[in-house]
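This is the structure, below, for whatever I ask next.
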Amino acid sequence: MKRLAILGASGHGKVVAEIAELNGWDVVFFDDAFPSVTGLAHWSVIGNTDDLLTDLQCFDGCFVAIGNNRIRLDKQRMLAKKGATLPVLIHPSAVVSRYAKVEAGCVVMAGAVINPFALVQQACIVNTAATIDHDCVLAEGVHISPSANLAGAVSVGACSWVGIGASVKQCLKIGANVVVGAGAAVVLDIADNLTVVGVPAKVLIK
Ligand SMILES: CC(C)(COP(=O)(O)OP(=O)(O)OC[C@H]1O[C@@H](n2cnc3c(N)ncnc32)[C@H](O)[C@@H]1OP(=O)(O)O)[C@@H](O)C(=O)NCCC(=O)NCCS
C-alpha cells in the first residue's frame with residue numbers, strides 16, 4: 001500500500017486522512033506537538049516536521065493538513081524543496097471537471113464541484129460541498145469553506161479564506177490574504193488584506 005505522511009494532526013487532518021484512505025493511501029501523522037501528541041483518533045502521530053524531513057524517503061507522498069493558509073503553504077513549499085511527492089486528494093463524491101486543473105497538495109472534499117477551466121493552485125482547500133465555477137482561479141494557499149459558492153471567472157488571491165456559506169458574484173477579483181466572513185455575499189472586488197462580512201459584503205472595521 002502507498003504510504004502517506006500527513007503533517008497536521010487536527011480536525012482538518014482527520015477529514016484529509018479519510019479522503020486519503022478512500023484513495024488507497026495508508027496514513028500516518030506528523031505534528032509539531034509531538035511527542036506531547038502521539039495519536040489522532042485511531043491514527044498514529046509519529047514525529048514532528050523535522051522528523052518528517054529526516055524520514056521523507058520512507059513515504060510515497062506527503063500532505064500538509066494545516067488550516068492556517070500561510071503556514072500550510074510555507075510547509076508545503078519546504079517539503080517540495082526537499083523533493084517530497086505532494087499528491088492531490090479528491091473525495092470520490094466530489095466532481096472535478098476534466099478541463100479543470102488542480103495542483104499539488106490540494107484537497108477537494110465531499111460533494112465539492114470544480115467546473116471546467118477552473119485553476120486551483122497548490123495547497124488549496126476546497127471544502128465540503130463548496131462550488132468553484134468555470135474559469136475561476138484560486139491562487140496558492142486559498143481555502144474555500146464548506147458550502148461557499150464562487151460564480152464563474154472569480155479570482156481569489158494567495159492565502160485568502162472564503163468563509164462557510166459565502167457567495168461570490170461572477171468575474172470578481174478577491175485579493176490576497178482576504179477573509180470573507182461566513183455567509184457573506186461578495187458583489188464587488190476586494191483589495192488585499194481585508195476582512196469583509198455581511199450581505200452585501202462590507203469591510204469589517206474593528
Ligand atoms: C469574519 C470573521 C473572520 C471575523 O472574526 P473576528 O475577527 O473574530 O470578528 P468578531 O467575532 O470579533 O466580530 C466582529 C464584528 O463582526 C461581526 N461579524 C463577525 N463575523 C460576521 C459574519 N460572518 N457576518 C456578519 N457579521 C459578522 C460580529 O457580529 C461583530 O459585530 P459587532 O462589532 O457589531 O458586535 C468570522 O466571524 C468568520 O465569519 N469566520 C469564518 C468562519 C468559517 O467560515 N468557518 C469555516 C471553517 S471550515
Side-chain angles (χ1 to χ4, degrees), residues 6-22 27 29 31 33 40-41 43 63-76 88-96 102-103 105-114 118 120-133 136 138-151 154-169 172-206:
I6 298 182
L7 182 58
S10 60
H12 174 61
K14 292 176 186 171
V15 183
V16 167
E18 190 189 22
I19 295 171
E21 288 180 349
L22 290 167
V27 166
F29 278 91
D31 194 287
L40 177 71
W43 293 285
F63 198 93
V64 185
I66 295 175
N68 180 291
N69 290 340
R70 184 78 255 166
I71 297 173
R72 183 175 67 257
L73 181 57
D74 287 348
K75 295 264 191 198
Q76 174 158 326
V88 175
L89 296 176
I90 298 177
H91 192 282
S93 71
V95 176
V96 178
V102 181
E103 292 186 352
C106 291
V107 59
V108 183
M109 294 189 173
V113 177
I114 302 180
V120 181
Q121 295 184 342
Q122 64 168 314
C124 287
I125 301 169
V126 178
N127 219 313
T128 309
T131 67
I132 313 296
D133 214 333
C136 283
L138 307 190
E140 295 177 347
V142 162
H143 179 184
I144 309 297
S145 295
S147 296
N149 300 121
L150 306 188
V154 167
S155 69
V156 183
C159 293
S160 287
W161 176 28
V162 176
I164 189 164
S167 304
V168 184
K169 203 175 114 178
L172 294 182
K173 290 189 192 331
I174 294 176
N177 304 309
V178 164
V179 177
V180 174
V186 179
V187 296
L188 294 170
D189 289 349
I190 303 171
D192 295 348
N193 304 313
L194 294 175
T195 295
V196 298
V197 296
V199 180
K202 300 227 162 69
V203 176
L204 177 62
I205 298 162
K206 291 222 248 180

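Excluded from the calculations below are hydrogen atoms, water molecules and symmetry mates; all remaining heavy atoms, backbone and side chain alike, are included. Each ligand, and each atom within it, is numbered from 1 in the order the structure gives.
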N/O of Pro146 under 3.5 Å from N/O of ligand 1, yes or no? no

Which heavy-atom pair separates Ile164 from Ser145 by the least distance, and what is that distance? N-CB, 3.3 Å

Distance-minimising heavy-atom pair for Lys169 and Val187: NZ-O, 4.1 Å

Numbering as shown, the atoms of ligand 1 that approach Gly163 to under 4.0 Å (heavy-atom distance): 44 (O)

Is atom 15 (C) of ligand 1 near the protein, in the sense that some protein heavy atom lies at less than 4.0 Å from it? yes

Closest approach of any protein heavy atom to atom 4 (C) of ligand 1, naming residue and atom: Leu204 CD2, 4.1 Å

Is_contact(atom 9 (O) of ligand 1), protein non-hydrogen, under 4.0 Å: yes

Identify the closest protein heavy atom to atom 12 (O) of ligand 1: which residue and atom is it, and at what distance? Lys206 NZ, 3.2 Å

Distance flag for atom 25 (C) of ligand 1, protein heavy atom under 4.0 Å: yes

Can you check atom 45 (N) of ligand 1: any protein non-hydrogen atom closer than 4.0 Å? yes

So, Asn177 side chain and Asp192 main chain: donor-acceptor pair closer than 3.5 Å or not? no

List the atom of Gly157, the atom of Ala139, and the distance in Å for their closest heavy-atom pair. C-CB, 3.7 Å

Any protein heavy atom lying closer than 4.0 Å to atom 37 (O) of ligand 1? no

Just checking Glu21: does its CD atom have more than 12 heavy atoms from other residues, nucleotides or ligands closer to it than 6.0 angstrom? yes

Hey, is atom 28 (C) of ligand 1 touched by any protein heavy atom at less than 4.0 Å? no

What heavy-atom pair brings Pro92 and Leu22 nearest, and what distance separates the two atoms? CD-CD1, 3.9 Å

Quick one: does ligand 1 sit under 4.0 Å from the side chain of Ala182, the backbone, both or neither, non-hydrogen atoms only? both

Gly141 backbone acceptor or donor facing Arg72 side chain under 3.5 Å: yes

Side-chain donor-acceptor contact under 3.5 Å, Ser167 with Asn149: no

In the complex you have, is atom 34 (O) of ligand 1 within reach of the protein, judged by whether a heavy-atom distance drops under 4.0 Å? no

For Asp189 and Lys173, which heavy atoms make the closest approach, and how far apart are they? OD1-N, 2.9 Å

Using protein heavy atoms only, decide if any is under 4.0 Å from atom 22 (C) of ligand 1. yes

Of all protein heavy atoms, the one nearest atom 40 (N) of ligand 1 is Trp161 CH2, 3.8 Å

Would you please determine whether His143 falls within less than 4.0 Å of ligand 1 on a heavy-atom basis? yes

Considering only non-hydrogen protein atoms, determine which one is nearest to atom 18 (N) of ligand 1 and report residue, atom name and distance to 0.1 Å. Val197 CG1, 4.4 Å

At a 4.0 Å threshold, what atoms of ligand 1 neighbour a non-hydrogen atom of Val179? 3 (C)

Minimum-distance pair of heavy atoms, taken over all atoms of Phe29 and Gly13: CZ-O, 3.4 Å

Does Ile164 reach ligand 1 with a nitrogen or oxygen that is under 3.5 Å from one of the ligand's nitrogen or oxygen atoms? yes

Can you tell me if Ser93 and His91 form a side-chain donor-acceptor pair at under 3.5 Å? yes

Could you tell me the separation between the CG atom of Leu150 and the SG atom of Cys136, rounded to the nearest 0.5 Å? 5.0 Å

Distance under 4.0 Å to a non-hydrogen atom of Gly181: what atoms of ligand 1 satisfy this? 1 (C), 23 (N), 39 (O)

